[in-house]
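First up is the structure itself, then whatever we jot down about it.
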Amino acid sequence: MSLDVRESVPLAALTTLGVGGPARYFAEAADEAAVVDAFRFAEARGVPLFVLGGGSNLLVADRGVDALVLRVRVRGIELLRGRGVASGAETDGGAEAGGSAKAGGNAERALVRAGAGEAWDDLVARSVAEGWAGIECLSGIPGDVGATPIQNVGAYGQEVSETIVEVRAIDRATGAAVVLSGADCGFGYRDSRFKRAWRGRYVITAVTFALRPGGAATVRYPELQRALAVPAGGAAPPLGEVRRTVIALRRGKSMVLDPADENGRSAGSFFMNPTLAPDAAAAVLTRIEAAGVLAPGEAIPRYPADGGRVKLSAAWLIERAGFTKGTRHGAASISTRHTLALVNRGGATAEELLGLARRVRRGVLDRFGVALSAEPDLVGFAPGEIDDLVSGAHL
């Protein structure tokens with residue numbers, strides 16, 4: 001067996017929150033054969049297998065995880081030369097470039113395959129340096145490449161679903177390698193089939209992206225447009241300038257990894273922006289207007305979402321429900337820079353973070369009738385222990 005398995009390995013240091021107990025078993029897989037060995041090890045001992053990425057979107061229970069925790073370290077970034085395709089054409093693997101209507105157009109694509117263990121921001125930096133457009137607005141996001149399709153990572157007007165051509169994975173049921181097209185991944189807002197119908201079935205080992213050599217940057221998010229001083233319909237700045245600006249915006253919200261930042265020990269946004277059906281959204285907007293929380297002339301932030309739904313700002317709802325930046329619950333607190341982030345002020349426990357999350361969720365629900373749900377993976381908790389935090393956002 002090519003797998004080196006250790007026991008009782010602390011996990012807190014492997015997460016950006018710095019919280020949580022040990023893994024019963026822990027191993028790293030540098031190739032697909034080691035992933036298959038991990039399946040066999042877990043099955044032989046009757047324990048679940050949990051895949052750990054960069055630890056940036058994760059809260060581990062104080063008791064730890066009674067499982068084999070596997071860190072996939074498959075590396076490499078490769079330009080698949082001679083396989084540039086127009087959006088909608090089939091690749092050698094039969095996948096549609098982009099997997100999303102947003103990747104439309106007829107421009108040639110650079111197919112870039114990255115190992116699941118590559119740091120996501122290293123891939124973004126390489127793409128920007130090479131002049132490959134398509135993921136520049138996703139700069140500064142911590143974590144590994146392999147986690148991005150699962151969450152359909154997005155920020156500042158881009159999502160990975162716009163560029164993912166295919167995902168290579170190992171099927172836990174058979175131990176065989178499979179290639180899944182981006183179009184088949186069922187991407188939605190912070191969602192994919194990997195979180196639902198395919199949950200627990202596949203371990204991702206590589207992701208292929210269709211990027212645009214020499215393409216223009218995507219500057220459609222209002223905050224980014226303002227920071228770049230790009231007028232409506234104006235030409236997009238160079239990719240490097242967009243990347244630097246996005247990182248600066250993220251740094252201003254403590255959304256980049258920085259050991260010197262007092263808000264740095266977080267899992268990023270702890271709550272997803274709720275998306276509501278039109279009738280439900282109208283009822284919520286009426287309730288907000290009646291609550292007396294709007295300043296004169298203030299508009300309620302809302303945006304169109306897939307399927308005709310309406311997306312509301314979780315951060316805005318939290319603030320209007322009376323929660324201020326810096327609100328504490330033991331050693332856990334809301335970030336002093338960004339209301340969506342819950343942070344470990346030093347020595348916080350998972351229970352303290354969950355306690356704060358529940359306070360915030362209950363406050364928003366009581367005030368506006370909107371149930372927020374947690375964005376990070378909550379791992380190691382008993383059945384039913386976290387049900388209130390992982391459901392209810394999409395009303």
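Worth knowing before you read on, the calculation uses all heavy atoms, side chains too, and leaves out hydrogens, waters and symmetry mates. Residue numbers count from 1 along this sequence.
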Residue pair Leu317 / Phe271, side-chain heavy-atom distance below 4.5 Å: no
Salt-bridge contact Arg220-Glu162 (side-chain N to carboxylate O under 4.0 Å): yes
Shared hydrophobic cluster, Phe50 / Val74 (ILVMFWY, side-chain heavy atoms < 4.5 Å): no
Check: Glu375 side chain, Asn57 main-chain N or O, donor-acceptor pair, under 3.5 Å: no
Presence of salt bridge, Arg71 and Glu28, under 4.0 angstrom: no
Arg287, CZ: over 12 other non-hydrogen atoms inside 6.0 angstrom: yes
Sidechain-backbone polar pair: Asn152 side chain, Gly188 backbone, donor-acceptor under 3.5 Å: yes
In a table with atom names and distances, give each donor-acceptor pair under 3.5 Å that connects a side chain of residues 222-241 to protein atoms at least two apart or in another chain.
unit_1	atom_1	unit_2	atom_2	d
Glu223	OE1	Lys253	NZ	2.9
Glu223	OE2	Lys253	NZ	3.2
Gln225	NE2	Val219	O	3.2

Set of residues satisfying side chain to side chain donor-acceptor pair (under 3.5 Å) with respect to Thr205, sequence neighbours excluded: Glu32
Side chain proximity check, Tyr303 to Val310, heavy atoms < 4.5 angstrom: no
Heavy atoms from other residues, nucleotides or ligands near CZ of Arg251 exceed 12 (cutoff 6.0 Å): no
Neighbour count above 12 (heavy atom, 6.0 Å) for Arg358 CZ: yes
Residue Asp366 excluded, over 12 heavy atoms near CG under 6.0 Å: yes
Donor-acceptor contact below 3.5 Å, side chain Asp377 vs main chain Val379: no
Glu118 and Arg126 ion-paired at < 4.0 Å: no
Verdict with reasoning, Asp261 to Ser254, per side-chain hydrogen bond (donor to acceptor under 3.5 Å, both in side chains): CA-CA 7 Å; Asp261 187 342; Ser254 296; 2.7 Å; yes
Phe26 side, atom CZ; Leu68 side, atom CG - distance, nearest 0.5 Å: 9.0 Å
Trp316 and Ile300, any side-chain heavy atoms less than 4.5 Å apart: yes
CG on Leu180 to CH2 on Trp198, rounded to 0.5 Å: 4.5 Å
Side chain proximity check, Leu11 to Leu58, heavy atoms < 4.5 angstrom: no
Pairing of Asp121 and Arg243 as salt bridge, 4.0 angstrom limit: yes
